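Working notes for the structure below.
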Amino acid sequence: MSRYNAKEVETKWQSIWEDKKTFEAHADVTRPKYYVLEMFPYPSGNIHIGHVRNYTMGDVVARYKRAQGFNVLHPMGWDAFGLPAENAARDKNVHPAEWTFANIANMRRELKSMGLSLDWSKELATCHPGYYGKQQALFLEFIEKGLVYRKESWVNWDPVDMTVLANEQVTDGRGWRSGALVEKKKLDQWMFKIADFSEELLKGLGTLDRWPERVRLMQENWIGKSQGAKVNFSISDSDDSLEIYTTRPDTLFGASFMAISADHPLTHILLKDNPAIAEFVAECHRMGTSEEAIEKADKKGVDTGLTCDHPLIEGKKLPIYVANFVLMDYGTGALFGCPGHDQRDLDFARKYDLEVIRVVAEGDDEQSPIENVPYTGPGLMMNSEYLDGLTSDDAKTAVIERLEGQGLGSATTNYRLRDWGLSRQRYWGCPIPVIHCDTCGTVPEKAENLPVILPDDVTFDKPGNPLDHHPTWKHVNCPSCNKPATRETDTMDTFVDSSWYFARFCAPRNDLPISKEDTDYWLPVDQYIGGIEHAILHLLYSRFYTRAMKITGASEIDEPFSGLFTQGMVTHETYRSESGAWLLPEEVIHNDNGDPVHIETGEPVIIGGIEKMSKSKKNVVDPGEIIDKFGADAARWFVLSDSPPDRDMEWTDAGATGAWRFKQRLFRFITENIDKIAIKGTEKPSDFSKGALVLRKEAHKAALQVTDNLEKLHFNNAIARIYEFMKALGDFKVSDTAGDPWALREAMEIMVHLVGPMMPHLSEELWEMLEGEGLLADSPWPQADISLTVDDTVTMAVQVKGKLRATIEVAKDEDAKKVEEIALAQISVQNAIGDNPIRKIIVVPNRIVNVVI
RNA sequence: GCGGGUAUGGCGGAAUUGGUAGACGCGCUGGUUUUAGGUACCAGUUCUUUACGGAGUGGGGGUUCGAUUCCCUCUACCCGCACCA
């Protein structure tokens, strides 16, 4: 018996697919399209198991849809700009480009060894001028349409990476990449007007019915829509006023102070003459924005000495404080404090001994003074003059009406989403194609001068931006007046690169950034697959870009990804030596007693928790070694088989071995029984043995259920069904009946098709043995014969008082009376009923009989 | 604090959405072969009981002939956001 040689077979089919350009996609309006995309990788050097899981899932979808007759686009590229390349340049003295392209070459080789049905002719790398030059062209169009602007603003400054971060890139006050505490700094920044699209981005979520609910909710929260009012409070004894935003205009009569942000324009004026304010503002800027810092920080403020006139209470004056809890970038950076109905305001009021007024009754009659807990719910108004007795909802409307009448305020919708700052003070990114001219100001580069190419000769020995240090690169003539000017040395946030790559993939070598003809056909992406970690950042930015591209006329679509699937992580057990050092999985073996020990020293090993694979805990497995040991097919099979795809899965050697065993078993069964099957193309005989009929049913049921599971991306269930089918196939013995060899061939062919998307190499090999026409990758998906998937007899459960007492075999759709009769004839049923009178018998056709006594 | 999710054997997980709970895989137990094996095959494997039977999907309650599934309530864990006015 020959063993299946995975290495040989896998490379054989990989080169055949490549030679035949099997997976090259071409737009063809006469055919239905399907665009499958997995989030493209950052070329860090090697693929990891998470990539294997991600790309295997995408590949199964791609191959399955292809077999279903779709014209499938399944491209791959590289999210290739970013800091690690600069770090490598500094640490290892290699040029970022050299480092990146070497990593790409290695990872491309690794991906190819997985046998993915990718169209490599469409490969792109964002660090290639052919890509980023087009990104610059698109950017110029964005400038022209007013989608980008420049403004001096407070930014999140990462002191380790020496660059600006977007709000989305700051978690717990720390940079998403460096982990350093982020500082506030004021810089000239390029901004995308994403906030203008808040409502559209929010509404669009409603159309994304093939996105996980979770991701839509996260985006919804991020956009943070709230309904409220803007109110102008006039500053006492002056012509100036202070505009605030509130979601609780109903509590206006409970106002007892005003608070403005440390960065509020009014604060800026006041601090000049008031050292106390100046000192407080400085303190606010020193304070971190981390979770701990915020939790520990008291609600603090400093009295400006100014007051506001209450808009609805004649003669009432409200002191204005600069307060540390007021954010400049939410609402108007100013608020009125209502201690009775807001915890934060109450804390502040207690600290500075300010009035606490209850204006909303709790329940019907709870009107007691507020003590330590504010009442934040709805209720009937009180202490509020003309509002008294109204519900808080009605009071909101009434207050807004009054304020509008007086020209003091209006109903407003506020969003938390802020504009996206894209400037980064880095070398390895897409240069922002603008020039700063003393005479003309900020001038976009001329389209014919694109791409603005990164200079090769840069050094990384100084902190800061190498582009800025470069002796000549930034010195150019103004495109407008031709006088000496300076090129912008900031580069774009790498999230810009990934905000439109899905569109570029449709025609990656086109002169235009986006080929409308091609995107009209291919977009939107039908199935996008990637990690949940991009639920906000990348996906929201891409949705913004899609809208912006519609405005520039580059594309027509509304949403970039009509289907989104977020796959879970791959985890692994952790191992430590007794000294506490982390150990790699391959350093651990089990000794004769079954205890885990170190492979070399024999020392006992402590098995720790199952955690996300990470280099620091060494609980990683190398895909290259896995593929080498088990073969790509087995690796693919295992990452799909055990856990539902959206959940975390644990990588275990035993599981991979199981996959490997199945592969061997299938191969063996077909090679050993190939001489028993009917000759290819034999006409279907009419005479089948009983066993053959059973097999045919199993085959067609499997075809139906696997199809169904693949449609739903329930890969683990699809695999379970295949295992069941394999068992039936293995049990089948060809008899003398004429139809049996034919049935065996049919079953084998169906099996090979069903396994195909998951184990493409093995199934091509088997398809060839079965003398299948052309490549399996090109052949259509098996259609289940529905008449074979329904049995003519069914097993029905018989319950007495809801407890199972027997099962009966009856004809499908058997008459209820007859079923009842058979059920009641069962000894076990009669025993259970005993002497009790039968009150009712419920018969659910083909499922269950329940005798109620 | 706000929002969301999850809970089923020793483990990963199934269950056509109210109809035989535990499919399938891993592990384990016993057996049969064998070319050494971490090979292959067969049987078994929720708990309890000698058996008949009984119990059982995080806990408690409810609706129903019937609940893993629907409702109420509690508990535990996980995730996202968070000084958002």
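Note on naming: letters A, B, ... go to the chains in the order of the sequence lines (proteins, then strands), and numbering restarts at 1 for each one. Predicted model, so just to flag it, every value in this text is computed and none were measured.
- No hydrogens or angles considered: a donor-acceptor pair under 3.5 Å links the side chains of A:D347 and A:Q343.
- Glycosidic torsion of B:U45 falls outside 90° of 0, placing the base in anti.
- Atom name P, nucleotides B:G56 and B:C47: the rounded distance is 16 Å, in whole Å.
- A:Q567 and A:R647 share no donor-acceptor pair across their side chains, judged by distance under 3.5 Å alone.
- Remark: B:A36 base-pairs with no nucleotide; criterion is Watson-Crick or G-U wobble with both hydrogen-bond distances under 3.5 Å.
- Remark: A:K803 is not in phosphate contact with B:C65, judged by side-chain N or O atoms under 4.0 Å from OP1 or OP2.
- To the nearest angstrom, P of B:C81 lies 12 Å from CD of A:E533.
- Contact between the side-chain N/O atoms of A:R647 and the OP1/OP2 oxygens of B:C78 is not found at any separation under 4.0 Å.
- Nucleic acid contact class of A:R416 (heavy atoms, under 4.0 Å, all strands): base.
- Nucleotides B:U68 and B:G9 are separated by 14 Å at their P atoms, to the nearest Å.
- Shown here, B:G1 forms a base pair with B:C81; the pair counts as Watson-Crick or G-U wobble because both key distances fall under 3.5 Å.
- The nucleotide B:A7 finds its pairing partner in B:U75, both defining distances of the Watson-Crick or G-U wobble pair being shorter than 3.5 Å.
- Spacing between B:U8 and B:A23 at atom C1', rounded to whole Å, works out to 13 Å.
- For the C1' atoms, the distance linking B:G18 with B:U63 amounts to 12 Å, nearest Å.
- Regarding contacts with the backbone of B:G3, every side-chain N or O of A:R214 stays at 4.0 angstrom or more from both OP1 and OP2.
- Using a 4.0 Å heavy-atom cutoff across all strands shown, A:L217 reaches sugar-phosphate atoms only and no base atom.
- Pairing partner, B:A55: B:U46, with both Watson-Crick or wobble hydrogen-bond distances short of 3.5 Å.
- Across all strands shown, A:D342 has no heavy atoms under 4.0 Å from either base or sugar-phosphate atoms.
- Counting heavy-atom neighbours within 6.0 Å of A:K697 NZ, excluding the residue itself, gives a total above 12.
- Listed nucleotides B:A40, B:A23, B:C84 differ in distance to A:R668; the shortest reach to its side chain belongs to B:A40.
- Counting non-hydrogen atoms under 4.0 angstrom, A:R805 reaches the backbone sugars and phosphates but no base.
- Taking every side-chain heavy atom of A:R344 into account, B:C84 is the closest of B:C84, B:A23, B:G19.
- Of all nucleotides listed (B:C83, B:G12, B:G19), B:G19 comes nearest to the side chain of A:I848.
- Across all strands, A:V326 comes closer than 4.0 Å to base atoms (heavy-atom distances).
- Glycosidic conformation at B:G9 (O4'-C1'-N9-C4 for purines, O4'-C1'-N1-C2 for pyrimidines): syn, within 90° of 0.
- Looking at heavy-atom distances under 4.0 Å, A:T795 makes contact with a base.
- Between B:G66 and B:C79, the two C1' atoms lie 36 Å apart (nearest whole Å).
- Checking the phosphate oxygens (OP1, OP2) of B:G18, no side-chain nitrogen or oxygen of A:R847 falls inside 4.0 Å.
- The separation of B:G30 from B:U17, taken at their P atoms, amounts to 42 Å, rounded to a whole angstrom.
- The residue A:Y723 sits close only to the backbone: its heavy atoms come under 4.0 Å of sugar-phosphate atoms, none of a base.
- Nearest nucleotide to the A:N221 side chain, out of B:C83, B:A85, B:G3: B:G3.
- Close to B:C65, at under 4.0 Å from its OP1 or OP2, lies no side-chain N or O of A:R839.
- Ranked by how close their nearest RNA chain B nucleotide is to the 5' end, A:R721 and A:G802 are led by A:R721.
- At the heavy-atom level, A:R665 lies under 4.0 Å from the strands shown only through sugar-phosphate atoms.
- Around CZ of A:R214, the count of heavy atoms belonging to other residues, nucleotides or ligands within 6.0 Å does not exceed 12.
- Here A:N717 reaches the OP1 or OP2 of B:A15: one of its side-chain N or O atoms lies under 4.0 Å away.
- In this model, no donor atom of one side chain and acceptor atom of the other lie less than 3.5 Å apart for A:E650 and A:T571.
- Within 4.0 Å (heavy atoms only), A:S641 reaches no atom of the nucleic acid at all.
- Comparing B:G13, B:A85, B:C65 by their nearest atom to the side chain of A:S643 picks out B:G13.
- Comparing atom distances between the A:N716 side chain and each of B:G38, B:G13, B:C26 picks out B:G13 as nearest.
- If A:G331 and A:D731 are placed on RNA chain B by their nearest nucleotide, the residue sitting closer to the 5' end is A:D731.
- Rounded to the nearest Å, the gap between the C1' atom of B:G61 and that of B:G80 is 32 Å.
- In this structure, the ring of A:F257 has its center less than 6.0 angstrom from the ring center of A:F348.
- The environment of A:K225 atom NZ is dense: over 12 non-hydrogen atoms of other residues, nucleotides or ligands sit within 6.0 angstrom.
- B:G58 and B:G54 have their C1' atoms separated by 22 Å, given to the nearest Å.
- Side-chain atoms of A:Y330 lie closest to B:A85 of the nucleotides B:U39, B:A85, B:G25.
- The residue A:E724 sits close only to the backbone: its heavy atoms come under 4.0 Å of sugar-phosphate atoms, none of a base.
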- Message: Please evaluate residues A:W660 and A:F638 with respect to the criterion ring pair (Phe, Tyr, Trp, His ring centres under 6.0 Å), reporting the C-alpha separation (whole Å), side-chain torsions for both, the decisive distance (0.1 Å), and the verdict.
- Response: CA-CA 8 Å; A:W660 183 86; A:F638 176 53; over 10 Å; no
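- Of all nucleotides present, none satisfies the Watson-Crick or G-U wobble test against B:G18 with each distance under 3.5 Å.
- Under 3.5 Å, the side chains of A:E243 and A:T332 contain no donor-acceptor pair of N or O atoms.
- Of all nucleotides listed (B:G19, B:G13, B:G27), B:G27 comes nearest to the side chain of A:R661.
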